[in-house]
Every structure is written in C-alpha cells, then in structure tokens.
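So the structure is just underneath, and the comments pick up after that.
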Amino acid sequence: MIIRIAEEGQYEVPGSLLDELNIIDNKIVDLVAREKEEEYTTELSKLIHMIRSNGKKLDDSELKESDIIVPPDDLTLKEAREIFTGDGLIED
Amino acid sequence: MGLFDRMGTVVKAKMNKLVNRMEDPRETLDYSYEKQLEMLQNVKRGVADVTTSKKRLQLQRSKLQKSIDKLDSQAKDAIKADREDLARMALERKAALNTQVEDLDIQIAQLEKEQEKLVAAEKRLSTKVEMFRTRKETIKARYSSAEAQVKINESVSGIGEEMADVGMAIDRAENKTEEMQARASAIDELLESGTLDDLTSSGDDIDRELAKMHAQTGVDAELAKLKEEVKK
C-alpha cells in the first residue's frame with residue numbers, strides 16, 4: 001500500500017497497518033470536531049510517525065498514485081476543519 | 001468521513017485540474033509535461049519568495065536589535081544623570097522590543113522550515129519530471145495506442161498527484177508568508193511611530209494586565225541592576 005504524506009513524499013507501507021491508521025484517523029476526526037487542539041496535534045504526529053517508521057520511502061523517480069493521502073505534519077486544527085467543511089486545503 | 005478520505009478528495013480534485021486527457025494519448029503526455037515544467041517554475045518561484053520574506057524578517061530583526069542596543073545605552077546614561085524615570089521608560093520600551101525579537105525568531109525559523117520543504121519538493125518533482133520525460137518518449141515510440149493508454153494513465157496520474165501536492169505546498173507557504181509580511185509591515189509602521197507597545201498586547205484584558213505586570217517586574221530588576229553597575 002502506498003501512502004503519501006503531503007508535502008513530504010510517498011511511503012510503501014504494509015497493508016496490515018491500515019487498521020491502526022484508521023483508528024487514529026477516527027480519533028482525529030473526533031478531536032477536530034471537539035476542537036481539542038493539543039490532542040489533535042499529538043494524534044497527527046503519532047499518525048505520521050507511524051507511517052514514517054513502518055514505511056519505506058518511495059524513490060523520487062517512481063510515478064505511482066497513492067492509495068491513501070495524509071495531511072502534512074504541520075496541518076493546523078483550523079486547516080483540518082476547513083478540509084472537513086470542504087474549503088480546504090487552500091482555495092483555488 | 002475520515003481525514004484521509006477528505007485529504008484524498010482534495011488532492012484528487014487539484015489533480016484533475018492539472019491533468020487534461022486528450023483524445024490522442026500522445027497529446028495528453030505532452031500537455032502533462034508542459035504543466036509539469038510550469039509547476040517546476042512555480043515551486044522555484046515559491047522558494048525565492050520564501051527566501052525574500054525570510055531576509056526581510058532578518059533585516060527587521062537586526063533593526064530591532066539596534067534599537068534595543070540604543071535603548072540600553074540610553075537607560076545607562078539616564079541612570080548616570082540620575083534620571084530614573086527616563087531609564088525606566090527606556091527599559092520598558094526595550095522589553096517590548098525584546099518580545100518582538102522573540103516573535104521574529106519564531107517566524108524566521110518557520111520560514112526556514114518552509115524553505116527547506118519547498119527545496120525538497122522541487123528536487124522531488126524535478127526527478128519525477130525527468131523520469132516522466134524519458135517514459136513519455138518510450139511510450140510514444142514503442143507502444144500501440146491501446147497499450148500506451150494504460151501506461152499513460154499510470155504515469156500521468158502518478159505525476160499529477162505529485163504536482164497537486166507541490167501546488168498545495170506552494171499555496172500554503174504563500175499563505176504563511178503573507179501573514180508574516182502583514183505583521184512585519186505592522187511592526188515597521190509602529191516602529192516608525194514609536195508606539196510598538198500596542199502590538200505586544202494579545203489576548204484579553206487580563207492577559208494584557210498580567211503581561212504588563214510581568215514586564216514590569218523585569219524592568220524593575222533590570223533598573224536595579226543598572227543602578228548597581230553605575231555605582232561601581
């Protein structure tokens with residue numbers, strides 16, 4: 001499974017990781033809804049760390065589409081909220 | 001819907017704007033390549049913009065530092081002349097400027113990070129573009145139309161995603177830079193009019209009062225120290 005961390009690059013990650021990632025994803029959704037900034041930041045770094053440490057960075061010369069795209073590691077809570085409401089990541 | 005899904009949708013939407021599928025697959029390849037070169041130019045410009053902004057903030061920082069040094073020596077002179085009131089005023093202004101310098105340091109560090117990010121993005125994209133160019137020629141030369149279609153779809157989507165990502169990174173960097181520029185301009189104006197204290201106040205009334213009190217303690221301590229020094 002290929003995961004792209006936005007603004008960073010793509011990683012080849014074992015498919016078995018998906019369940020764990022989904023759990024964090026759900027937590028993040030909940031934290032964004034409840035405006036828990038600090039916990040949101042922690043979970044987002046946890047998510048990205050998990051991909052980095054379990055994945056193998058894809059070579060820059062690869063031209064493959066990703067299965068999953070996760071936000072950049074410095075995505076603010078405000079930006080995350082905008083992604084959910086459909087005006088993110090940035091206006092055109 | 002999770003953040004992954006939303007993020008995927010956002011990127012795919014950007015990607016679709018960058019990818020234009022023509023009737024003749026070979027044209028799709030050429031069009032995509034053109035867009036890639038454009039995006040490479042954009043990211044280069046992005047790097048240049050961030051660098052310029054960073055330099056501007058650094059310049060402002062050194063201006064502030066100069067003012068701080070001046071206030072320091074003014075405070076000393078005032079003490080020597082037995083004008084504690086003037087010394088206190090100078091030290092209060094200095095405290096306000098110090099807060100600004102700390103803020104600027106954070107912003108400069110942020111821009112530094114943006115700069116590194118964009119430089120890395122440029123490198124990544126340019127490797128991919130080169131790869132695409134080679135593959136494009138191979139596909140054109142070797143494959144029948146039907147086979148080419150599959151290969152083209154893969155390559156165009158793969159690089160399209162990268163372009164969308166780079167495009168978003170540039171936009172985000174620009175947004176951040178703009179915010180900092182606006183703030184930098186505000187500081188410049190306040191510096192000129194000599195009312196920088198106004199800017200140091202953020203938060204509500206209580207925050208401001210607390211901050212003022214905190215600054216006051218610092219000023220008192222510094223004033224006492226200065227007096228000791230002058231006495232010697």
Side-chain angles (χ1 to χ4, degrees), chain A residues 1-10 13 17-33 40 43-44 47-48 51 57-92, chain B residues 1-15 17-19 32 36 43 110 113-114 116-118 120-136 151-176:
Chain A
M1 168 171 79
I2 297 175
I3 301 183
R4 171 183 294 275
I5 302 176
E7 301 185 10
E8 182 173 326
Q10 291 170 298
V13 178
L17 204 67
L18 190 60
D19 285 345
E20 274 179 85
L21 294 176
N22 271 328
I23 293 172
I24 304 185
D25 190 31
N26 288 334
K27 261 193 215 164
I28 290 179
V29 174
D30 178 52
L31 291 168
V32 171
Y40 155 80
E43 290 300 320
L44 183 63
L47 175 78
I48 286 173
I51 296 165
K57 203 152 194 218
L58 231 56
D59 197 80
D60 284 354
S61 59
E62 295 277 5
L63 296 176
K64 287 182 184 159
E65 227 181 320
S66 311
D67 301 298
I68 292 176
I69 300 173
V70 304
D73 59 357
D74 61 350
L75 187 84
T76 62
L77 184 83
K78 187 169 165 273
E79 286 177 304
R81 208 170 39 223
E82 282 164 4
I83 289 183
F84 286 122
T85 54
D87 337 310
L89 209 52
I90 337 125
E91 73 288 352
D92 292 307
Chain B
M1 201 188 242
L3 191 58
F4 298 167
D5 294 328
R6 286 297 316 167
M7 204 46 212
T9 312
V10 169
V11 173
K12 296 268 140 71
K14 286 253 168 201
M15 200 174 117
K17 282 192 183 151
L18 293 164
V19 176
S32 174
Q36 291 160 30
V43 70
Q110 271 173 7
K113 207 181 142 205
E114 287 303 316
E116 280 167 19
K117 234 186 210 181
L118 287 185
E122 184 197 334
K123 188 172 153 271
R124 213 163 48 233
L125 183 62
S126 86
T127 308
K128 284 193 199 289
V129 169
E130 186 47 34
M131 204 44 149
F132 185 90
R133 194 186 60 82
T134 318
R135 200 176 289 181
K136 169 168 91 88
K151 301 265 168 207
I152 289 167
N153 280 341
E154 282 171 9
S155 309
V156 167
S157 301
I159 201 151
E161 186 187 300
E162 186 71 34
M163 286 156 73
D165 188 21
V166 170
M168 287 184 341
I170 298 172
D171 290 347
R172 275 184 92 225
E174 257 169 28
N175 276 2
K176 281 187 201 165

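Convention: sequence-line order gives letters A, B, ...; per-chain numbering from 1. Predicted model, so just to flag it, every value in this text is computed and none were measured.
- Contact annotation for A:D67: neither backbone nor side-chain heavy atoms come within less than 4.5 Å of a heavy atom of chain B.
- Summarising the geometry of A:P71 relative to B:L3, their closest heavy-atom pair is CG-CD2, 3.5 Å, with the distance given to 0.1 Å.
- More than 12 heavy atoms of other shown residues, nucleotides or ligands fall within 6.0 angstrom of atom NZ in A:K57.
- Nearest approach of A:E8 to B:R124, heavy atoms of both residues: O-NH1, 2.7 Å.
- Ion pair A:R4/B:E162 flagged as a salt bridge, since at least one NZ, NE, NH1 or NH2 atom sits closer than 4.0 Å to an Asp/Glu carboxylate oxygen.
- Of the listed residues (A:N22, A:I24, A:I69), just one forms a side chain to side chain contact (heavy atoms under 4.5 Å, CB included) with B:F4, and that residue is A:N22.
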Under the side chain to side chain contact (heavy atoms under 4.5 Å, CB included) criterion, do A:I2 and B:E161 qualify, and how do the steps go? CA-CA 12 Å; A:I2 297 175; B:E161 186 187 300; over 6 Å; no

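- Closest approach of A:P72 to B:K117, counting heavy atoms only: CB-NZ, 4.5 Å.
- Evaluation of the side-chain hydrogen bond (donor to acceptor under 3.5 Å, both in side chains) rule for A:D30 yields A:R34 as partners, not counting sequence neighbours.
- Expressed to the nearest 0.5 Å, how far CD of A:E62 lies from OG1 of B:T127 amounts to 12.0 Å.
- Looking at A:Q10, only its side chain comes within 4.5 Å of chain B, counting heavy atoms on both sides.
- Applying the 6.0 Å contact sphere to NZ of B:K151 captures no more than 12 heavy atoms from other residues, nucleotides or ligands.
- No side-chain heavy atom of A:L63 sits less than 4.5 Å from a side-chain heavy atom of B:E154.
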Using side chain to side chain contact (heavy atoms under 4.5 Å, CB included), reason through B:N175 and A:E79 one step at a time and then give a plain yes or no. CA-CA 12 Å; B:N175 276 2; A:E79 286 177 304; over 6 Å; no

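- Of the two parts of A:L58, neither the backbone nor the side chain holds a non-hydrogen atom closer than 4.5 Å to a non-hydrogen atom of chain B.
- Residue B:M131 qualifies as open at atom CE: its count of foreign heavy atoms under 6.0 Å is 12 or below.
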Step-by-step side chain to side chain contact (heavy atoms under 4.5 Å, CB included) determination, B:R172 to A:D74: CA-CA 11 Å; B:R172 275 184 92 225; A:D74 61 350; 3.0 Å; yes

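- Using a 4.5 Å cut-off between heavy atoms, B:E114 contacts chain A through its side chain alone, with no backbone atom that close.
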Would you check, one step at a time, whether the test side chain to side chain contact (heavy atoms under 4.5 Å, CB included) holds for B:M7 with A:I83? CA-CA 7 Å; B:M7 204 46 212; A:I83 289 183; 3.7 Å; yes

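- A side-chain donor-acceptor contact under 3.5 Å links B:K128 to the backbone of A:D60.
- The closest donor-acceptor contact from the side chain of B:D165 to the backbone of A:A6 lies at 3.5 Å or more, if one exists at all.
- Listed for the B:R6 side chain is no donor-acceptor partner under 3.5 Å among the backbone atoms of A:E82.
- With sequence neighbours excluded, no residue forms a salt bridge (Lys or Arg N to Asp or Glu O under 4.0 Å) with B:E122.
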